[in-house]
There are 2 protein chains.
Amino acid sequence: MATIEHPLILLVEDEPAQREVLSYNLTAESYRVNLAQDGEEAIMMVREDSPDLIVLDWMLPNLSGIEVCRRLKSRAETRAIPVIMLSARSEEVDRVRGLETGADDYVIKPYSIVELMARIRANLRRVRPSTVGMVLEFQDIRLDGETYRVTRAGKSLQLGPTELRLLATFMERPGRVFSREQLLDRVWGRDIYVETRTVDVHIGRLRKALCRQGGDDLLRTVRGAGYALG
Amino acid sequence: MATIEHPLILLVEDEPAQREVLSYNLTAESYRVNLAQDGEEAIMMVREDSPDLIVLDWMLPNLSGIEVCRRLKSRAETRAIPVIMLSARSEEVDRVRGLETGADDYVIKPYSIVELMARIRANLRRVRPSTVGMVLEFQDIRLDGETYRVTRAGKSLQLGPTELRLLATFMERPGRVFSREQLLDRVWGRDIYVETRTVDVHIGRLRKALCRQGGDDLLRTVRGAGYALG
DNA sequence: CGCTTTTGCGACAGTCTTGTAACAGTTTTA
DNA sequence: TAAAACTGTTACAAGACTGTCGCAAAAGCG
């Protein structure tokens, strides 16, 4: 299991073989993957899990890829999620139509998986600057996504998996206030049922870990709202 | 600190997009990369830099991949360098022809980056003689890619094949945390079915071997994530 | 100030992860 | 061919980590 928040990708593809290959490669690249088999399921899963990026097949049963894309792009909440269209059609016309519907990128089958991966990386970088394997820094705290090492003022800190993910979440957006619900969502996962007060306890533990070697308390409590870093 | 001689790979590919993606990925895997855009440049760079492995596109301007391969394989000095052919053609005929010209391996586009990397690793491992250096070092551990001898603090260690590959994987990227799945992928191979717990056992065995003659335990367990060296 | 609401945090029991010995089957070596 | 080395799996124990609760402390509020 990965400890630091890896980007979640929604893969919408009806053909099983394709789905498996893509899913395998995405997982191998350390993305979390959600699968949808048709347009309606896709729309539903976007609402539920709000993925970081969507890989969308053009031809779909039920609700075509274009239509799915159009709908996603017409709603403010989902508009920002990058969509990469996959299509067997190679006509320029279609490329244009694909982009017109608001897709952020467009890959023609048969495509190189390497290329697709590159586009995914590029599009993720665009919306979400700090990704897997990156080093997050805030003041004298340093979190290395590759070695999973956390240091404060040069001294190594001992964190449990949950504390680590919690810290990573804060460090991806220093200063931002996260509600307990948002934290549960991001750190624990969308479908796990945990008491909201549990967040408090882990915040406490993280605080203790961060201050053990001295230094200010960098986790700010925002009464009635949640917590923030710095 | 460690002095690591990373294998040099010559990448021969004329299409800029492909080139960039591959180059990026190779670099990310800690290889040194040389680029050539056509057959003639490739031949020249082989003479100059004698790379450890060549990734060669089939379709090239100027001098085709097959021809380049044939020439390299007909000269004694360059014969031993592994060549991996990339091709968009999928016909069995071509595969055979590719190997006939002396290519050591053959990957059909669109390929999985994971697979290509695996083949590169495999081919680099295979060539014992004529592989330049490829000595991995970390602290007082030394892994000689030619003789497959491992020493710690000068004393020779006895490792089984699996332990050796495991150690090599870690030493290629000291500090990086590998999940059990990633280790299975890299050390055991992607299509072998093995329990993930098996990794633990081999880590234990490697640990024991590394510490037998004394010294710290250099294999770090990252709870919930995997293992890392150092 | 009292009173109410929210947060901090020690304690604890249950759960999950990891280390490792044992073992049986296979492969390699002598 | 027999012995030795190596592998993958399992079961179990130790210990790390987690979630919850309860009460104390702090913060808002009139």
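Numbers restart at 1 for each chain; the letters A, B, ... are given by sequence-line order, proteins then strands.
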Euclidean distance, atom CH2 of residue B:W188 to atom P of D:dT9 [Å, nearest integer]: 10 Å
Test applied, ring-ring contact (aromatic ring centres under 6.0 Å, His included); reference residue, A:H202; option that passes from A:W188, A:Y227, A:F170: A:W188
Residues A:Y148 and A:E146: side-chain donor-acceptor under 3.5 angstrom: no
Phosphate-side-chain proximity, A:K208 and C:dG8, N/O vs OP1/OP2 below 4.0 Å: no
Position toward the 5' end of DNA chain D (nearest nucleotide), A:T196 or A:Q158: A:Q158
Below 4.0 Å: OP1/OP2 of C:dT17 and any side-chain N or O of B:Y227: no
Rounded distance (Å) that lies between atom P of D:dC6 and atom CG of B:L164: 11 Å
Length of the line joining A:E195:CD and C:dT7:P, which is rounded to integer Å: 15 Å
For the student: nearest non-hydrogen atoms of A:P51 and A:L10, plus distance: CG-CB, 3.8 Å
Atom-pair distance (CZ on B:R205; C1' on D:dA5), nearest Å: 11 Å
Between P of C:dT20 and CG of B:D217, the distance in whole Å: 9 Å
Nucleotide nearest A:T198 when distance is taken to its side chain, options D:dT20, D:dT7, D:dG28: D:dT20
B:R180 side chain near C:dT18 phosphate (N/O to OP1/OP2, under 4.0 Å): yes
Closest to side chain of A:V194, choosing from D:dT20, D:dC17, D:dG28: D:dT20
Among A:L11, A:D57, A:I9, A:V33, side-chain contact (heavy atoms from CB on, under 4.5 Å) partner for A:L22: A:L11
Interatomic distance where CD1 belongs to B:I203 and C1' belongs to D:dT7 [whole Å]: 15 Å
Distance test, side-chain N/O of A:Y193 to OP1/OP2 of D:dT18, below 4.0 Å: no
Whole-Å gap separating C1' (D:dA26) and CZ (A:R207): 12 Å
Exceeds 12 heavy-atom contacts within 6.0 angstrom, atom CD of A:Q213: yes
d(CD, A:E163; P, C:dC9) in whole Å: 14 Å
Below 4.0 Å: OP1/OP2 of D:dC6 and any side-chain N or O of B:T162: no
Pair of N/O donor and acceptor under 3.5 Å linking C:dG8 base with A:R197 side chain: yes
N or O in side chain of A:T221 less than 4.0 angstrom from C:dT6 OP1/OP2: no
Nucleotide nearest B:V201 when distance is taken to its side chain, options D:dT7, C:dA21, D:dG28: C:dA21
